[in-house]
Structure formats: C-alpha cells, structure tokens
Amino acid sequence: MADTTWPAEQLVADAQRGDLASITALVEGSHPNVRRFARSLCATPEDAEDAAQEALIILYRKIGTLRASGALASWMFRIVRNECLRRARTMRPHAPLPDTAVSSAEDVVLERIEAGRVAAAVAALPAEQRRVLIMRDIQGHSGRTTAQELGLSTAAMKSRLHRARASVQQSLRATPRPTTGDTP
C-alpha cells in the first residue's frame with residue numbers, strides 16, 4: 001500500500017523558504033494525495049490527471065505563498081477543486097466523451113457540478129473538521145491513524161468526523177442541485 005501521509009511540516013517550511021531540494025521532495029511527497037483528490041473530484045480520469053499535474057505545478061511555483069505549513073492539504077484540495085471546476089465549466093469539444101451507453105455528456109457535466117458542490121462544502125468546513133474528513137473519507141486512513149496523526153482521542157476524532165459529515169450534508173441540502181431543463 002502506498003504512503004498516504006502528507007509531507008512533514010518541517011519539509012513544508014523549508015520549501016516555503018525556497019529550498020529547492022525541499023520543494024522537489026514536497027511535490028513528490030504530495031503527488032499521491034493530490035492524485036487521489038483529483039480522482040474524487042473530476043469526472044474523467046484524464047481530467048483528474050490534468051488537474052493533479054496543474055496542482056503540482058502550482059505547488060512548485062507558489063509554495064512560498066502558503067501562509068501556514070500545516071495548511072498544505074487544505075490548500076492543495078482547493079487548488080485541485082478549482083482546477084476540476086474549471087475543467088467542468090470549459091468542457092473541451094475535442095475531449096472524448098465517455099461511452100454514451102453508460103452516460104451522456106449531460107450526465108458528465110452534472111457529475112462534475114456535483115463534485116464541485118461537494119468540494120466547496122468540504123472546503124468551507126472549519127480546519128479541524130476538514131482535516132479529519134479529508135484523512136478519513138478522502139485519503140482513506142483508519143480511525144486510529146487519523147486520531148494519532150491529529151493528536152486526538154478516537155472519540156474526539158469520531159465526534160469531529162460526525163460534525164464534518166453532517167455539515168457537508170447540510171450544505172449540500174442547502175445548495176440547490178442544477179437542473180438540466182426539460183428532458184424528453
């Protein structure tokens with residue numbers, strides 16, 4: 001199983017100060033998580049790969065603008081989310097569509113919009129809830145690992161996870177789903 005932890009805060013801090021070796025290690029260390037984010041948010045594997053690549057390029061170029069070294073996961077999640085949303089808004093006419101027997105172009109767009117709604121709801125969470133939700137539901141860490149990594153008891157981790165999931169659900173209920181207009 002691949003390592004799914006984010007790079008250490010010291011590495012992030014060194015990269016923020018411009019250390020080239022640290023920046024390179026940070027990009028390489030973040031790659032599995034960024035790809036996982038992109039796969040969960042983008043509608044097609046091709047868009048996910050492109051979004052992940054773009055996010056890593058932004059990380060490489062702009063790591064110095066990150067305010068807090070502990071905010072790397074949230075920052076990367078926003079970058080990936082924004083890139084997936086951008087790709088959904090500008091459906092490229094030359095991009096191959098999925099098998100029409102399985103889904104139509106309209107279904108693909110609606111899935112992308114829905115992924116954007118979920119990403120926005122997660123990004124709006126308080127940082128402590130967002131970290132737990134990302135580690136458990138996006139990165140797939142066990143409850144014990146998540147609690148240990150965040151310095152929480154298992155009960156506290158479960159409580160934050162429950163609040164985070166409830167907040168995301170409430171946000172999704174409050175945000176109207178897009179309609180496709182009249183369908184035949």
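Note that the coordinates shown come from a computational prediction; the quantities given were computed from them, not determined experimentally. Sequence positions, counted from 1, serve as the residue numbers for this chain.
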Result of checking H162, R165, K158, R160 against V132 for side chain to side chain contact (heavy atoms under 4.5 Å, CB included): R160

Residue pairs, two or more places apart or on separate chains, that pass salt bridge (Lys or Arg N to Asp or Glu O under 4.0 Å) and touch residues 14-27: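 Of all non-adjacent pairs touching residues 14-27, those that pass salt bridge (Lys or Arg N to Asp or Glu O under 4.0 Å) are D14-R17.
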
Listed partners of R35 passing salt bridge (Lys or Arg N to Asp or Glu O under 4.0 Å), at least two apart: E49

Any residue meeting salt bridge (Lys or Arg N to Asp or Glu O under 4.0 Å) with R163, in chain and number order, not counting sequence neighbours: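 None.
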
Any residue meeting side-chain hydrogen bond (donor to acceptor under 3.5 Å, both in side chains) with R130, in chain and number order, not counting sequence neighbours: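 R130 satisfies side-chain hydrogen bond (donor to acceptor under 3.5 Å, both in side chains) with S74 once adjacent residues are dropped.
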
Point-to-point distance, once rounded to the nearest 0.5 Å, from [atom1] of [X] to [atom2] of [Y]:
X    : Y    : atom1 : atom2 : result
Q148 : T154 : CD    : OG1   : 7.5 Å
M157 : R136 : CE    : CZ    : 5.5 Å
L150 : E128 : CG    : CD    : 10.5 Å

What pairs of donor and acceptor atoms, side-chain ones from residues 57-64 against any protein atom, are under 3.5 angstrom apart with sequence neighbours left out?
none

Step-by-step side chain to side chain contact (heavy atoms under 4.5 Å, CB included) determination, F37 to I79: CA-CA 10 Å; F37 282 161; I79 292 169; over 6 Å; no

For [X] and [Y], which heavy atoms make the closest approach, and how far apart are they?
X    : Y    : answer
A15  : L26  : CB-CD2, 3.8 Å
A38  : A48  : CB-O, 3.2 Å
S167 : Q129 : OG-OE1, 3.9 Å
M76  : L56  : CE-N, 4.4 Å

Backbone of V27 reached by a side-chain donor or acceptor of S30 within 3.5 Å: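 Such a contact is absent between S30 side chain and V27 backbone.
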
Any donor-acceptor pair under 3.5 Å from S159 side chain to A155 backbone: no

All side chain to side chain contact (heavy atoms under 4.5 Å, CB included) counterparts of A156, not counting sequence neighbours: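 With neighbours one apart ignored, the set is L152, S153.
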
[X] versus [Y]: any side-chain heavy-atom pair under 4.5 Å?
X    : Y    : result
V34  : H31  : no
R78  : R81  : yes
E149 : M135 : yes

